[in-house]
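Please read the structure below before turning to the comments.
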Amino acid sequence: MPSVEVRPGIYWIGVNDHTTDLFEGLWPITQEGVSYNSYLIVDQKNAIVDLAKSLKVDEYLAQMNEHIPLESLNYIILNHMEPDHTGVLRILRKLAPQAVILCSPQAKDMVSAFYGISEGVQVVRDGERIDLGEKKLVFYHVPMVHWPETMVTYEEKTRVLFSCDAFGGYGALQGAIFEDECPQFDFYIRESLRYFANIVAKYSAMVLKAIEKLSPLSISIVAPSHGLIWRKNPGRIIELYRKWSQYAESGGEVGVTLLYGSMYGNTEAMVDALAQGIAESGVQVDMFDARRVHPSYILASLWEKKGVVVGAPTYEAGLFPPVAQVLDLALRKNVKHKRAMYLGSFGWSGGARREVERFARELGWEMTVAFEFHGGGTKEDRQRIQQLGREFGASLRG
Ligand code: FEO
């Protein structure tokens with residue numbers, strides 16, 4: 001993809017990744033792809049803000065060469081050291097050895113650890129300013145958004161915020177790089193939430209701190225290092241990130257994530273009855289079959305919705321493993337403050353219920369109902385479960 005002018009003298013020169021199956025080796029992006037947005041600033045001194053994964057390197061360097069020869073690059077700014085933004089650093093250092101690497105104090109050791117580079121690395125303090133000519137860059141440290149060394153870069157003349165992981169999302173760019181020219185807007189919002197839930201939600205308190213810290217800035221463009229660039233309404237993505245971060249304490253909005261698994265269809269039949277009851281209460285239910293849907297997608301719903309239903313049979317005196325795997329991930333990601341219920345079938349002894357209740361205790365979820373039934377359950381069980389669904393939905397609305 002050719003470079004794109006973001007503002008006079010500022011160019012997007014990113015890489016669109018359509019070939020990586022798992023972002024961070026964990027999160028599926030086979031269908032969605034992802035972009036590594038890198039920004040070239042051309043002035044009396046030239047700087048590049050964030051790099052890219054080591055992929056399509058020829059294309060990446062050619063984009064840069066459209067505007068400057070590599071030997072005239074003065075600064076390489078590393079807002080964040082994760083290799084999706086620094087993978088081409090070693091080759092860029094070889095091709096542009098004169099360019100000074102600017103990074104936070106915590107990043108300096110990482111530059112050495114990841115790439116064996118210790119010369120020509122200059123640490124920038126929180127709030128430090130660098131003069132490029134007409135353009136002036138200011139660095140703000142925003143630890144844990146997404147690693148401890150992370151910072152953002154703000155250009156004062158054009159009021160562009162280069163925010164790296166913050167305000168980013170999955171989804172390779174499909175021609176349009178700005179939100180106001182993008183026909184697939186809903187796709188990018190959905191993928192921003194999934195990215196948020198997978199990557200930064202655990203550090204929501206730090207995201208809120210960062211938003212607060214950056215709030216005095218007048219921002220005309222939010223230019224993250226993944227996904228769309230926000231120029232018509234830059235506040236939109238900041239407010240979405242604020243709202244999603246606040247779910248860490250509030251538990252989310254009215255709605256239910258129904259997460260289930262079933263061995264022979266008995267639990268699934270009851271789950272259907274429960275979903276019917278919840279829908280009758282006027283509350284939206286997002287159903288996920290944990291045997292088939294990757295936890296990445298389930299986490300996004302879990303993060304957003306206040307209500308959780310776990311439907312899973314007992315398996316070897318414990319919880320059905322595909323469902324247990326999702327709850328384990330929810331625990332690692334601090335998906336807290338939910339209102340929950342459990343239902344599931346057992347053959348000769350229970351056990352799943354005990355395990356779900358243990359997860360709920362550790363997650364701080366309020367377990368309203370736990371309903372275990374023997375084998376296929378009875379007609380009365382089904383009616384009872386449908387009624388429980390109505391009551392659960394009503395309790396969320398209330
Ligand atoms: Fe996009 Fe935390 O790297």
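Just so it is clear, the model here is predicted, and its values are computed rather than measured. Both ligands and their constituent atoms are indexed starting at 1 by order of listing. Worth knowing before you read on, the calculation uses all heavy atoms, side chains too, and leaves out hydrogens, waters and symmetry mates.
Taking a cut-off of 2.8 Å, the protein N, O or S atoms nearer than that to atom 2 (Fe) of ligand 1 are H80 NE2, E82 OE1, H146 ND1, D165 OD2.
Electrostatic pairing of D84 and K53 does not count as a salt bridge here, judged by no charged N lying under 4.0 Å from a carboxylate O.
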Inset, instruction - Kindly indicate, with the supporting measurements, whether the criterion side-chain contact (heavy atoms from CB on, under 4.5 Å) is fulfilled by K306 and K338. - result: CA-CA 5 Å; K306 175 81 179 174; K338 303 294 175 184; 5.5 Å; no
If you look only at distance, which donor and acceptor atoms sit under 3.5 Å apart when one is on a side chain in residues 105-123 and the other is two or more places apart or in another chain?
residue, atom, partner, partner atom, Å
Y115, OH, T86, O, 3.2
Y115, OH, T86, OG1, 2.6

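Annotation: H85 is in aromatic contact with H226 [ring centroid separation under 6.0 Å].
Side-chain atoms of S35 and N16 include no donor-acceptor pair closer than 3.5 Å.
Considering only heavy atoms from C-beta on, L70 comes within 4.5 Å of N65 through its side chain.
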